[in-house]
Number of protein chains: 2
Amino acid sequence: MENPLSSSERARVGLWIRLARCYNLAMRDLRSGLREECTMPQFDVLAQLERSPEGLTFSSLSEHLLVTAGNLTGIVDRLEKQGLAFRETNPKDRRQTFIKLTDKGREYCNKIIPQHTHDIAKLLSGLSDNTVQNLRGDLDQLAALLDRKQE
Amino acid sequence: MENPLSSSERARVGLWIRLARCYNLAMRDLRSGLREECTMPQFDVLAQLERSPEGLTFSSLSEHLLVTAGNLTGIVDRLEKQGLAFRETNPKDRRQTFIKLTDKGREYCNKIIPQHTHDIAKLLSGLSDNTVQNLRGDLDQLAALLDRKQE
DNA sequence: TGCTAATACTTTAGGTTTCAATTATCCCTG
DNA sequence: CAGGGATAATTGAAACCTAAAGTATTAGCA
């Protein structure tokens, strides 16, 4: 009835399971390192804003972070409430909103970004430089593939 | 002030970013393939149950799927409401609950598991068998590392 | 100019997720 | 055999997340 999986298909399913497992294990660890400070999604937004002093729109953030714009509304609301970021309507196109860091937000980034960066490096420090390079290359290949399927 | 990142640290941060990006891109695609049927977390639970006719406890599911037990309560509630699974208290230890598939749930699994498996294989079909093998090996190494940090 | 379609964000409904606090049960030791 | 500590699941609060519908605003074109 069911046509059985080819070994090549099985290998790919196994790859997906491993990818998901690594992601979730790492996520769990990194989240706990950030916990007292801010949430992971909030960090992701802050880190993007930090490298764009001119501000970012919801659309561009949504694209970079792979989350829906509807989702960002809430995250930015909370950042705004904490005084770390603020909205600014684009006067040239009043549909668009720029999100920018406040001074407090920038200061905060200067503290937690290096800290979080260090956590990541430490978490992955057990891998050889060689393995890291191989993984990066192969994942780039995979990302290119997945990007293409998106359109 | 800030001591700058070594190139080896930078490489590891880049690896994490790529891993997260691939995970999220793939997740987005696979979710939409499953959408009309059930949610991804529900699928994950069903797929585990399908290979354990004797049932699984919340604790063991929690461990396998890397989610908290509190989270599973809700997911299993919804599966139960849909008539796909049911709870059964362990008479030998009334603290434990076995979760099992109903007939309807088993039938349902027979339909969607092959379908989802096929979606995964198709999504990753653009990678060479060689790249798949390399990635699997390297991710196994990474998972072992992350597992160890967990304890 | 004025209508229509597209774009940008928000809202809503339904799930998911975590952490922390509870409840129920079991185990163990005095 | 009773109390204290561990284990299993649930509950509650807050945040995240998506898809789909809604609201403003802009752009394009007849």
Side-chain angles (χ1 to χ4, degrees), chain A residues 20 23-46 55-82 84-99 150, chain B residues 20 23-46 55-82 84-100:
Chain A
Y23 175 82
N24 284 306
L25 283 170
M27 200 64 170
R28 177 189 286 192
D29 188 293
L30 295 176
R31 190 187 352 259
S32 72
L34 213 56
R35 184 142 36 111
E36 297 310 331
E37 313 285 344
C38 70
T39 67
M40 200 75 147
Q42 287 170 18
F43 175 86
D44 290 338
V45 170
L46 290 176
L56 286 172
T57 63
F58 282 85
S59 320
S60 64
L61 267 176
S62 165
E63 211 174 312
H64 283 307
L65 301 178
L66 300 177
V67 297
T68 60
N71 189 0
L72 284 173
T73 297
I75 296 174
V76 171
D77 282 349
R78 283 179 283 271
L79 289 176
E80 214 161 17
K81 201 179 320 179
Q82 294 173 260
L84 298 174
F86 64 101
R87 287 168 162 88
E88 196 176 85
T89 305
N90 181 355
K92 305 273 179 77
D93 182 344
R94 300 164 41 70
R95 289 171 302 182
Q96 281 193 85
T97 308
F98 292 122
I99 307 150
Q150 213 68 45
Chain B
Y23 175 82
N24 284 305
L25 282 170
M27 202 62 172
R28 175 190 285 193
D29 188 293
L30 295 176
R31 189 184 358 255
S32 73
L34 215 55
R35 184 145 36 113
E36 299 308 334
E37 314 284 343
C38 68
T39 66
M40 201 74 148
Q42 287 170 17
F43 175 86
D44 290 339
V45 170
L46 289 176
L56 288 172
T57 63
F58 282 86
S59 320
S60 63
L61 267 176
S62 165
E63 210 174 314
H64 284 306
L65 301 178
L66 300 178
V67 297
T68 60
N71 190 357
L72 284 172
T73 297
I75 296 173
V76 171
D77 282 349
R78 283 177 284 270
L79 289 176
E80 213 161 17
K81 201 180 322 181
Q82 296 173 259
L84 298 174
F86 64 101
R87 286 167 162 89
E88 197 175 86
T89 305
N90 181 354
K92 306 274 178 77
D93 181 346
R94 299 164 41 70
R95 287 171 305 181
Q96 282 193 94
T97 308
F98 292 121
I99 307 149
K100 300 183 182 181

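Reminder, nothing fancy here: chain letters follow the sequence lines and each chain counts from 1. Just so you know, these numbers use all the heavy atoms, side chains as well, and skip hydrogens, waters and symmetry mates.
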Chemist: Report the residues that fulfil side chain to side chain donor-acceptor pair (under 3.5 Å) with A:Ser60, sequence neighbours left out, ordered by chain and then residue number.
Modeler: A:Thr57
Chemist: So how far is it from B:Thr97 OG1 to B:Leu61 CG, rounded to the nearest 0.5 Å?
Modeler: 11.5 Å
Chemist: Nearest heavy-atom pair of B:Met40 and B:Leu34: which atoms, and what distance?
Modeler: SD-CD2, 3.7 Å
Chemist: Using chain B heavy atoms and a threshold of under 4.0 Å, write down where along DNA chain C the contacts begin and end, 5' to 3'.
Modeler: C:dG15 to C:dC26
Chemist: Mapping A:Ser32 and A:Asp77 onto DNA chain C by nearest heavy atom, which one lands closer to the 5' end?
Modeler: A:Asp77
Chemist: In Å and rounded to the nearest 0.5 Å, what is the CD1 to CZ distance from B:Ile99 to B:Phe58?
Modeler: 4.0 Å
Chemist: Using heavy atoms and a sub-4.0 Å distance, could you list which residues of residues 60-73 of chain B are near DNA chain D? By number, please.
Modeler: B:Ala69, B:Gly70, B:Thr73
Chemist: Residues in side chain to side chain donor-acceptor pair (under 3.5 Å) with A:Asn90, at least two apart?
Modeler: none
Chemist: Would you be so kind as to tabulate the donor-acceptor pairs closer than 3.5 Å made by side chains of residues 74-81 of chain A, with sequence neighbours excluded?
Modeler:
from	atom 1	to	atom 2	distance (Å)
A:Asp77	OD1	A:Arg87	NH1	3.0
A:Asp77	OD1	A:Arg87	NH2	2.9
A:Glu80	OE1	A:Arg87	NH1	2.6
A:Glu80	OE2	A:Arg87	N	3.0

Chemist: Quick one: closest heavy-atom pair of B:Leu46 and B:Cys38, and the distance?
Modeler: CD1-SG, 4.4 Å
Chemist: In Å and rounded to the nearest 0.5 Å, what is the CD to CG distance from A:Gln42 to A:Asp44?
Modeler: 10.0 Å
Chemist: Check each residue of residues 86-97 of chain A for a non-hydrogen atom within less than 4.0 Å of any atom in DNA chain C, then write out the ones that pass by number, or none.
Modeler: A:Arg87, A:Arg95, A:Gln96, A:Thr97
Chemist: Under the rule for salt bridge (charged side-chain N to carboxylate O under 4.0 Å, His left out), what residues qualify as partners of B:Glu63, not counting sequence neighbours?
Modeler: none
Chemist: Output all residues satisfying side chain to side chain donor-acceptor pair (under 3.5 Å) with B:Glu88, sequence neighbours left out; order by chain, then residue number.
Modeler: B:Lys100
Chemist: With a 4.0 angstrom cut-off to heavy atoms of chain A, pull out the first and last contacting nucleotide of DNA chain D, in 5'-to-3' order.
Modeler: D:dA15 to D:dT26
Chemist: Can you name the side chain to side chain contact (heavy atoms under 4.5 Å, CB included) partners of B:Asn24, sequence neighbours left out?
Modeler: A:Tyr23, A:Leu66, B:Ala20
Chemist: Looking at every non-hydrogen atom in both residues, tell me the closest pair between B:Ala69 and B:Ser62 and how far apart they are.
Modeler: N-OG, 3.9 Å
Chemist: For the CG atom of B:Leu25 and the CG atom of B:Leu30, what is their distance to the nearest 0.5 Å?
Modeler: 11.0 Å
Chemist: For the helix from C:dT1-D:dA30 to C:dG30-D:dC1, measure the angle between the helix axis at one end and the axis at the other, each built from five pairs, rounding to 10°.
Modeler: 0°
